Amino acid sequence: MKKLPLHWKIVIGMVLGILAGILFSNFNGGKQFVGDWIAPFGTIFIRLLKLIAIPLIFTSLVKGISDLKDISSFQNIGIRTIILYVSTTIAAITIGLILVNILKPGAGISPETIDELTQVYAGDASITSNIQEAGQQDSGPLTFLINIVPDNIFTAFGNNSLMLQVIFFSIIFGISMLLIDPESARPVARLINGLNEIVLKMVNLIMLIAPFAVFALLAQIVVNSDNVEILQKLLFYGATVVLGLILILCFYLIVIYLYTGKNPGWFIKGIAPAQLLAFSTSSSAATLPVTMERVTDHLGVDNEVSSFVLPVGATINMDGTSLYQAVAAVFIAQALHFPLEFSDQLSIILTALLASIGAAAVPGAGMIMLVIVLESIGFPADKLAIGLALIFAIDRPLDMCRTVINVTGDAMVSVVIAKSLGKLHEKPAE
Ligand code: ASP
């Protein structure tokens with residue numbers, strides 16, 4: 001077991017977790033047992049990863065910026081990051097729209113299935129709370145800018161969902177370090193360097209339990225999953241989303257190959273453990289520490305680039321989520337015979353872009369923001385619960401898959417930016 005690469009250990013943990021989940025589902029009280037005695041280990045692992053996320057963002061971002069020779073290199077990284085993130089997200093939404101319009105998965109959903117799904121899920125507490133939560137999103141055009149600026153740094157550090165605020169503070173902190181007398185900055189830089197190394201070591205230590213943790217996470221997902229019959233009815237819709245995600249992955253690999261000249265296998269091998277964790281946890285934020293470690297240490301992206309591109313990406317760049325939102329919105333419209341004009345499809349592009357930027361990097365966030373996409377095309381408010389009920393049963397497995405793409409997209413962009421700035425170092429993937 002010792003010499004086996006990490007991603008294989010994680011894969012083995014996942015497979016055994018699925019098998020254990022199936023086994024326990026067949027026992028009386030098995031679900032309870034998994035919930036009481038196995039699932040907590042998965043939860044502990046996710047908590048450990050989240051625990052490390054904010055210190056890691058702060059130390060590596062400040063280190064990355066204060067190591068720069070001048071601020072213009074930072075501007076260079078920033079502008080490229082935003083341009084690439086927005087364009088890959090628009091590409092993902094367009095792929096989703098083309099697929100769902102050609103394959104029309106919603107057209108095959110019978111009125112009986114709609115009735116059945118509505119009865120089972122429309123009153124579900126999480127659907128109602130999703131709709132409420134989406135309604136609470138402030139909708140002023142510049143609200144997102146206000147939300148990036150913290151008014152109290154301790155509040156920002158104390159809340160994982162305020163990562164963008166921590167990024168904002170770290171950037172100003174790092175830039176100010178560059179601007180003061182180097183003599184005064186030196187002790188702080190040494191301290192931050194030391195802290196950064198310690199935090200990275202903590203990520204390594206936490207990863208030692210990853211194979212066991214994914215076992216627990218997957219066993220829990222399997223015992224809690226909906227019955228197979230309902231999932232089968234949504235198979236065509238699910239397959240459309242997954243096909244779209246696979247196409248995005250191919251698009252990433254082609255970009256990597258054409259732009260960096262590197263073998264796609266090198267990229268996948270380097271990032272695989274982060275992808276597997278994204279799949280098991282459904283959270284880009286929880287996966288962030290591992291994504292950073294893999295991209296820096298195994299793909300050779302300079303810390304200057306990865307320390308900015310990856311945390312920003314985890315919070316705002318969600319190609320998988322935006323594709324899913326486009327497919328789900330059109331699927332719901334097709335199934336409920338809600339006519340869509342071409343202009344509606346254009347507004348899906350815009351709102352899915354904003355909704356994926358606004359979605360938190362946690363499980364199920366994409367579905368909350370889907371409400372906003374549906375509202376933008378004039379979908380009747382009284383039918384929202386029915387619309388969400390249609391896709392609810394299969395949301396978790398799709399969340400797992402789209403989170404993999406969200407994380408992979410961030411890694412791809414950081415490799416491309418590093419290459420463009422001459423900051424992609426030669427390192428073996430494993
Ligand atoms: N779970 C996704 C992520 O963390 C967000 C979503 O699509 O629900 O990236």
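Numbering of ligands and ligand atoms starts at 1, following listing order. Here the structure is a predicted model, which means the values were calculated and not measured. Numbers for residues simply follow the sequence, beginning at 1.
Closest to atom 2 (C) of ligand 1, if we only count protein heavy atoms, is T403 OG1, 3.3 Å.
Remark: distances from the non-hydrogen atoms of A365 to ligand 1 include one below 4.0 Å.
Under a 4.0 Å criterion applied to the non-hydrogen atoms of G364, ligand 1 contributes the atoms 8 (O). Heavy-atom proximity to D399, at under 4.0 Å, picks out these atoms of ligand 1: 1 (N), 2 (C), 6 (C), 7 (O), 8 (O). Close contacts between ligand 1 and S283 involve ligand atoms 4 (O) [criterion: under 4.0 Å to a heavy atom]. The ligand atoms of ligand 1 that sit less than 4.0 angstrom from a heavy atom of T321 are 5 (C), 6 (C), 7 (O). Listed by number with element, the atoms of ligand 1 under 4.0 Å from a non-hydrogen atom of S284 are 3 (C), 4 (O), 9 (O).
The closest heavy-atom contact to atom 8 (O) of ligand 1, among the options G366, A361, A285, G320, comes from G366. Atom 7 (O) of ligand 1 has its nearest heavy-atom neighbour, among M367, Q325, M369, R402, in R402.
Here the side chain of D124 pairs no donor or acceptor atom with the backbone of V120 at under 3.5 angstrom. Not a single donor-acceptor pair under 3.5 Å links the side chain of T321 to the backbone N or O of M318.
In summary, of the residues considered (L6, I10, I271), a side chain to side chain contact (heavy atoms under 4.5 Å, CB included) with L276 occurs for I10 alone.
Ion pairing of K63 with E304 is absent here, as no side-chain N (NZ or NE/NH1/NH2) approaches a carboxylate O to less than 4.0 Å. For D399 and R402, the salt-bridge test passes: some basic side-chain N is under 4.0 Å from an acidic carboxylate O.
Closest non-hydrogen pair, L310 versus T291, comes out as CD1-O, 4.0 Å.
Under 4.0 Å from ligand 1, not a single heavy atom of V407 appears.
Between F173 and F58, the angle of the ring planes goes over 60°, which puts this pair in the perpendicular group of the 30/60° scheme.
Taking the six-membered ring for Trp and the full ring otherwise, F212 and F45 have centroids separated by 6.0 Å or more.
Below 3.5 Å of separation, one finds no N or O of M318 facing any N or O of ligand 1.
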